[in-house]
Structure formats: C-alpha cells, structure tokens
Amino acid sequence: MPDEPDAAVRYKEIMGLARRAAEDLRSWERTRARELDAEIRAAEQRVEKATERERTAAERAYHFWRMACDEISRLSWLEPGPDPEPASSAHKDHLDRYAEDIRTAYQELTRSVVDLGWRAR
C-alpha cells in the first residue's frame, strides 16, 4: 500500500505538467497568431503602398506618352507607334531613374520636334 500515495502523487504531477504544457502551448499559439496578424497587416500596407506607387508611375508615364504623341502630331510625316506596354523586367528600386529617363527623353523629343518643325525653317 505504500506505493499507492506515490503513484497518485506521480499521476498528479504528470497531469499538472500536461496541463501546464497545454497552457503554454495555447499561450504560444495566441502570441504567434498576434505576431502573424501584425506581419500580415504590415505586408498588406507594403502591398498597398507599392500598388499606389505603381499606379502613380503608370499615370506619369502615360501622361508623358500623351504629351509626346501631341508633339509628334505636329510633324505630318511621323506617326506615333502603339501605346507602350509596362516592362516586366523593370526593378522597383530604379523607378525614380526610369521616371527621369522618360522626362529626359521627352525633353529631347520636344527639342527635336521644334528643330524639325516648319517654324525652324
């Protein structure tokens, strides 16, 4: 009979450890769920910001394209090609450089149209 209290005590210890382990696991899962929710919200914000930046860049590029078409329309012997398609190989870190390249190309086009126009003759 002396084994009975020891077995009962051991059983209670094991059950206590199992309960604590289950509570610790639930606590860890709740903490991890909050961390994941925060990471998801941060990722969604980055996606929204990138989408807005992409939309703005596309609008700027389209604006310059329309202005370039207007400049070319002054030359009767030159037709603009189809609207440009987005470059899938473009890198987001170079967006400002691309925008500056578009602005520079437009300025060069404007100078060329003025030089080639009937007013220059």
Side-chain angles (χ1 to χ4, degrees):
M1 292 265 209
D3 288 335
E4 284 183 35
D6 291 336
V9 170
R10 183 72 183 134
Y11 174 77
K12 288 181 180 181
E13 287 175 357
I14 291 171
M15 291 307 294
L17 288 173
R19 262 192 299 275
R20 263 185 266 134
E23 290 171 6
D24 289 347
L25 178 61
R26 280 192 294 276
S27 173
W28 177 84
E29 287 174 337
R30 284 190 294 269
T31 301
R32 184 64 182 142
R34 283 191 297 271
E35 290 172 357
L36 290 174
D37 285 342
E39 288 177 22
I40 289 169
R41 279 192 300 279
E44 287 172 344
Q45 289 173 351
R46 286 192 307 270
V47 167
E48 287 173 9
K49 187 177 177 180
T51 302
E52 177 61 24
R53 192 170 181 208
E54 178 184 15
R55 187 190 59 73
T56 301
E59 286 176 358
R60 286 173 54 195
Y62 181 75
H63 176 72
F64 274 108
W65 175 252
R66 295 304 327 146
M67 291 187 327
C69 288
D70 288 344
E71 290 292 333
I72 290 175
S73 69
R74 297 177 191 182
L75 302 173
S76 61
W77 48 270
L78 185 60
E79 290 289 324
D83 288 353
E85 295 292 322
S88 60
S89 62
H91 197 275
K92 66 179 174 109
D93 294 335
H94 300 225
L95 182 60
D96 294 331
R97 190 181 81 200
Y98 297 147
E100 185 58 35
D101 289 348
I102 290 172
R103 187 178 1 270
T104 302
Y106 174 74
Q107 290 169 347
E108 290 174 9
L109 173 71
T110 302
R111 274 188 242 114
S112 297
V113 167
V114 168
D115 292 344
L116 293 172
W118 62 270
R119 290 182 227 143
R121 293 187 179 142

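Counting begins at 1 with the first residue of the sequence.
- The hydrophobic side chain of I14 is isolated, with no ILVMFWY side chain under 4.5 Å apart from it.
- In the hydrophobic clustering (ILVMFWY side chains linked at under 4.5 Å, chained through shared members), Y62 stands by itself.
- Applying the salt bridge (Lys or Arg N to Asp or Glu O under 4.0 Å) definition to pairs two or more places apart or across chains, none involves residues 76-86.
- Residues H63 and E59 are not in side-chain contact: their nearest non-hydrogen atoms beyond the backbone lie 4.5 Å or more apart.
- With sequence neighbours excluded, the residues satisfying side chain to side chain contact (heavy atoms under 4.5 Å, CB included) with E13 are V9, R10.
- With sequence neighbours excluded, the residues satisfying salt bridge (charged side-chain N to carboxylate O under 4.0 Å, His left out) with R53 are D96.
- The salt bridge (charged side-chain N to carboxylate O under 4.0 Å, His left out) check on E44 picks up nothing, with sequence neighbours excluded.
- Crowding of H94 atom NE2: a count of heavy atoms from other residues, nucleotides or ligands under 6.0 Å exceeding 12.
- Residues satisfying the side chain to side chain contact (heavy atoms under 4.5 Å, CB included) test with T56, not counting sequence neighbours, are E52, R60.
- With sequence neighbours left out, E39 forms a salt bridge (charged side-chain N to carboxylate O under 4.0 Å, His left out) with R32.
- Applying the side chain to side chain contact (heavy atoms under 4.5 Å, CB included) rule to A90 yields the partners A87, Y98; only residues at least two apart in sequence or on another chain are considered.
- For A68, the side chain to side chain contact (heavy atoms under 4.5 Å, CB included) partners are Y106, L109, not counting sequence neighbours.
- The distance from atom CD1 of I40 to atom CD of Q45, rounded to the nearest 0.5 Å, is 12.5 Å.
- In terms of the salt bridge (charged side-chain N to carboxylate O under 4.0 Å, His left out) criterion, residue partners of E100 (sequence neighbours excluded) are, by chain and number, R103.
- Within the structure, no pair that satisfies the side-chain hydrogen bond (donor to acceptor under 3.5 Å, both in side chains) test touches residues 19-29, not counting sequence neighbours.
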- Query: Yes or no on side-chain contact (heavy atoms from CB on, under 4.5 Å) for M67 and E71, after CA distance, side-chain angles and deciding distance?
  - Reply: CA-CA 6 Å; M67 291 187 327; E71 290 292 333; 5.7 Å; no
